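Shown next, in structure tokens, is the structure this report addresses.
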Amino acid sequence: MTEHTDERHTVLRLLREEAGNIVKTVPGPLASLSLRVGEWALDISWAHGTAPAAPLPPVMATEEETEADDTGLHEITAPLVGTFYVAPEPGAPPYIQVGEHVRAGQTVGIVEAMKLMNPVKSDLAGEVVEVVTGDATPVEYGQALVRIRAEEP
Amino acid sequence: MTEHTDERHTVLRLLREEAGNIVKTVPGPLASLSLRVGEWALDISWAHGTAPAAPLPPVMATEEETEADDTGLHEITAPLVGTFYVAPEPGAPPYIQVGEHVRAGQTVGIVEAMKLMNPVKSDLAGEVVEVVTGDATPVEYGQALVRIRAEEP
Amino acid sequence: MSFSKILIANRGEIALRIARTCRELGIETVAVYSTADRDARFVAYADEAVHIGPAPAKRSYRYPPAIIEAALRAGAEAIHPGYGFLSEDADFARICTDHGLVFIGPSPEVMECVGDKARVRALLAAAGLPILPGSDGPVATPAEAEEVAERIGYPVIVKAAAGGGGRGIEPAGDRAELREVYRRTTALARQVFGNGEVYLERLVQAPRHVEVQFLADTHGTVLHLGDRDCSLQRRNQKLVEEAPSPLLPDRVRERLGEYAVVGARRVGYTGAGTMEFLLDAAGEITFMEINARIQVEHPVTELLTGVDLVREQIRVAAGEPLGITQDQVALTGTAIECRVNAEDPSAGFRPTPGRLTSYHPPGGPGVRVDSGFGQGDVIPPDYDSLLAKVIVWAPTREQAIVRADRALAEFAVEGPGVATTIPLLRRLLAQPDFVAARHSTAFVDALTNEFNPMEKTSERPADH
Amino acid sequence: MSFSKILIANRGEIALRIARTCRELGIETVAVYSTADRDARFVAYADEAVHIGPAPAKRSYRYPPAIIEAALRAGAEAIHPGYGFLSEDADFARICTDHGLVFIGPSPEVMECVGDKARVRALLAAAGLPILPGSDGPVATPAEAEEVAERIGYPVIVKAAAGGGGRGIEPAGDRAELREVYRRTTALARQVFGNGEVYLERLVQAPRHVEVQFLADTHGTVLHLGDRDCSLQRRNQKLVEEAPSPLLPDRVRERLGEYAVVGARRVGYTGAGTMEFLLDAAGEITFMEINARIQVEHPVTELLTGVDLVREQIRVAAGEPLGITQDQVALTGTAIECRVNAEDPSAGFRPTPGRLTSYHPPGGPGVRVDSGFGQGDVIPPDYDSLLAKVIVWAPTREQAIVRADRALAEFAVEGPGVATTIPLLRRLLAQPDFVAARHSTAFVDALTNEFNPMEKTSERPADH
């Protein structure tokens, strides 16, 4: 039931936010607006047929902020359960450094599982913003290892 | 059954809250708003095409509408389980007739339970609009017996 | 002759539990409900349902005319009263008979007999059952009460002859106190039970509550289904019941069973009943009373014996012989029932009615749940606060205790303002004295810092 | 020596069921889960949980490195594999041992032995168990297959030596068909089980599936816990299981028990296992295979015996002796398990994953529910469609059947797009042939108008 309600909340919020976005993006004053997602629908019409493009209320602003944290940022995650190493062997220099540029396919670290060394490769080119997980740390599947800012194409 | 009721509450509350959110969120004074979730719908339109700053309580409005069909009408219901009789005894004239005026406290029928005759009295003065339950009909507690249009005070 | 349609004159978990057995027997059920229970599961579960009155029980579940009318119009042949409400009302049983309806329980005469505690006490004493020193029947005056007290010695306990569920019983430590207690108990008894008669017994300090389940049919067969221990009580309200009673020597256990059979025969009992005994610190047992109804804790006996007690009640009421014999009654393992009430132990066990936004009952091996509620349901404020009974079975008492705790830990119940006794129950199960079965009926009250176990609590519903 | 922490290498109801027993034993549990099960109840129930991979089982629940790593980092001492997934993978059991982890199950050697159906068949034939006429071990060529078929007579059945769960077995009516079936089965076996070996047996038309549960510890004690009848199957997928097997003569029942004990000793089995037999129309029983795992239907044996099989598995794996002896194993009444799957029988049993907007399990006397789901949960599309097991007990088979139907009728499961097998199960329980126990393994398929009971259905998960 609660999950169910949550789901409704999300869809409704989606509709609401979208309405806000439309008002922001669509040029000219609106008289009415109709949104429909499957069985979900939102219809609004404005008084004196005018929808002034106004700044969005704080509720949504915050939500955008929270997403803003990792805008343009890409996470490389652990491909399996194991132990994460930043370097090929103890004492050796790490595969990557923060600020350094990585190519797509470049190894950024290894996850060791059952004595097997599994190289972790970057799936895109960009700049290393942060090495999230420390050396020799146990990681779960999907755990964030490295953050990369994707290159502008 | 119970989930059903609960469901209804949830969805209605959801719609109400959402209406409030939309009014706060979507810029500009609204003339009307229509929200639909599957079979559930909420439609509001504002007088002078202006939505007040505070969110409305649409659920209340809706509920009032659903009760609107018996506005001004008052129901006299069965005070206990038993058999409803419109007259003191078979063949005798009924206590009341449609269109007739009844005083508060006047007997409008009887409910017989375990051989006991329980007079059913009108709790207000008014005009008999309908005798809902037929003579010698078994009734449950709270079942509508007679409809009365209350007198204008 | 068997029934094709039964009206269940009760609500909540017991109404549902009775309907379950009826469904298994292929008997149609008629539910009766008050306005407060309009959306209750036991109503939806029944084949038919009749709205019999407003929330107050005295105008619905305790109101014979409404129930009789409902039964007649629905064409029910019998009425199962469950526990509480009209279940021990001999007059109601008579009214049923007068209207050609079978009351599922003993005869009105037997109900009257066992309902008069002073009388049944004397009767079974004569039949050879051990009773506490006390008055022979009711005591008519304060002076007579003092006389009896002098004879049996203080402290004594004053009991309403028509009392039940731990109400109308109060101890007196000396002559002065007795006079006060006599007055109070007589007044309460007259007011609550409509019968001011009281009798006296010697007070047993911190006894254990042991009871025996018995069955009797109309063909002369009477058998017992072992004992239950209900010593975990708060102010005479049972919280946890178990079977068999731990630490009871076999010879005592056998004797209890024999007493139950002798007693049931002596009063001419038919149907399912319970005989209550007190077990004192010295291991002495004395007869207390007979309960002429199915009890809240009956499932522990069902788990121990595999016998469906409601099924047998219905068979007997239909004039059929019992489906089992004494030697077919095997008692295996240990069963424990925990009563999950919608109450707040941290606020004086105040009932906490409300809507259950979350309800996920426990499951898996050895767990039975009897409840009248589910997710989204509302616990009305109008009746007792029993939310669910979690009953577990295991080969040993030790395993049964951990299983009960495991099941309670799984039980997810949430709702705005709704608190339950689950945390308290888990705390009780963990008490060394309970694990070692050293606890008496005074244990919980001592634990919850209530030092007057015998104090009646008029705000609490009578126990079943 | 006993365990303080166990990793459960499974999901859904069986992961939860294992965790329940661990909790009762005071053993900490580590759950492993795929992304699809992130919000599952078995994850929340465990003391710890490790995210081991994406939804596909071969990268999570079937992926040894992830599970071993999770066990090591959590400091678990043992791994319980449940059923399916890695539960019968001898290599995985070896890997566990290599990493100092106890695999809760028989030794890798025993797993390999019983995993090779052709081999164990020959082995137990030598031990005196009755087997069907067939090939001595695997048949290497189509020619050899035809030779064997000529000897034992058509129709024959071709089985993958490494097969299981009704996969890789196919009948052949004549020489021409055999050539085709041999080719197909060998190919499938190589592809699915990584071992192309097949063997031949005479085909038994419409047999009954009877199996015996046994337990063996590391101290030489081997005992059986009675038989189960799993003849209600759809395309070799069990739908309803019961214990004891109805209409089985006592002498046959005893013989089955003896065979199980003899067989278990012969292969050096330890832990909980099941020996499968076929019962033909003439009442002849023949050995089929040994299942080296806890089975989906184990609760019916638990309800009949009161023995917690998972508890005994853990005891044995910890080197402890079994907690019971053969003469303590009493079989009382009848137990029936109904598998409630999230499938749509009206649409070819298509799985119907989705969110459960409503979930209210049955309760009351004699009802046990094992499920990994509750209201608000999502049934992922990635695994088998088992939603819940409703297991009932009653003194007689007749009562057990009505009780099972009563319980299924109470079971409220709703969700957009979610259908269940509840209506089908209730229909099956009502079939006169089932009530009279005249049904064979071909019964359901005939009923659902599928006339090829032996047909393999690659879209269905292997049965457990």
Side-chain angles (χ1 to χ4, degrees), chain A residues 1-15 36-41 70 74-86 89-90 107 109-124 132-147, chain D residues 7 9 30-41 43 48-56 58-61 63-76 91-92 94-96 98-101 354-360 373-379 412 414-416 418:
Chain A
M1 172 52 72
T2 36
E3 284 89 337
H4 196 185
T5 315
D6 293 346
E7 184 202 335
R8 286 213 202 76
H9 275 301
T10 5
V11 180
L12 287 174
R13 204 196 323 108
L14 203 83
L15 289 175
R36 199 166 305 275
V37 181
E39 54 174 15
W40 308 79
D70 33 311
H74 176 78
E75 265 179 4
I76 301 174
T77 60
L80 76 170
V81 186
T83 308
F84 177 65
Y85 294 103
V86 299
E89 61 213 34
T107 299
I110 48 178
V111 170
E112 181 251 311
M114 290 176 65
K115 312 277 173 295
L116 283 172
M117 299 301 171
N118 306 275
V120 182
K121 297 179 188 308
S122 173
D123 40 11
L124 46 70
V132 185
T133 303
D135 190 37
T137 312
V139 290
E140 295 189 11
Y141 168 79
Q143 192 169 323
L145 303 176
V146 176
R147 283 219 181 80
Chain D
L7 180 139
V30 182
V32 293
Y33 63 97
S34 77
T35 309
D37 284 328
R38 187 173 249 130
D39 299 327
R41 286 184 193 256
V43 176
E48 298 171 48
V50 183
H51 188 186
I52 54 164
K58 68 178 189 311
R59 287 194 52 201
S60 50
Y61 300 110
Y63 188 52
I67 289 162
I68 299 292
E69 281 292 322
L72 294 175
R73 62 187 290 181
D91 297 335
F92 176 66
R94 257 197 205 87
I95 298 171
C96 290
D98 297 346
H99 289 78
L101 297 161
R355 183 178 298 280
L356 302 177
T357 52
S358 169
Y359 180 92
H360 189 77
F373 299 98
Q375 190 152 329
D377 295 356
V378 170
I379 305 167
E414 283 164 38
V418 176

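Per chain, numbering begins at 1; letters A, B, ... match sequence-line order. Just so you know, these numbers come straight off a predicted model, no measurement behind them.
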**Prompt:** Is A:E140 close to D:Y33 at the side-chain level, that is, under 4.5 Å between some pair of heavy atoms?
**Reply:** yes

**Request:** Please report the closest heavy-atom contact between A:M114 and D:E69, naming both atoms and the distance.
**Result:**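 Heavy atoms of A:M114 and D:E69 come nearest at N-OE2, 2.7 Å.
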
Measure distances from [X] to the heavy atoms of chain A and classify the residue's part below 4.5 Å as side chain, backbone, both or neither.
{"X": "D:I68", "result": "side chain"}
{"X": "D:P64", "result": "backbone"}
{"X": "D:I95", "result": "side chain"}

**Request:** Using modelled atom types only, decide if a donor and an acceptor are shared between the side chain of D:R73 and the backbone of A:V139 within a distance under 3.5 Å.
**Result:** yes

**Item:** Evaluation steps, side-chain contact (heavy atoms from CB on, under 4.5 Å), between D:T35 and A:Y141
**Value:** CA-CA 9 Å; D:T35 309; A:Y141 168 79; 3.5 Å; yes

**Asked** With respect to chain A, which residue among D:V32, D:V378, D:I52 yields the maximal number of heavy-atom pairs within a distance under 4.5 Å?
**Response** D:I52

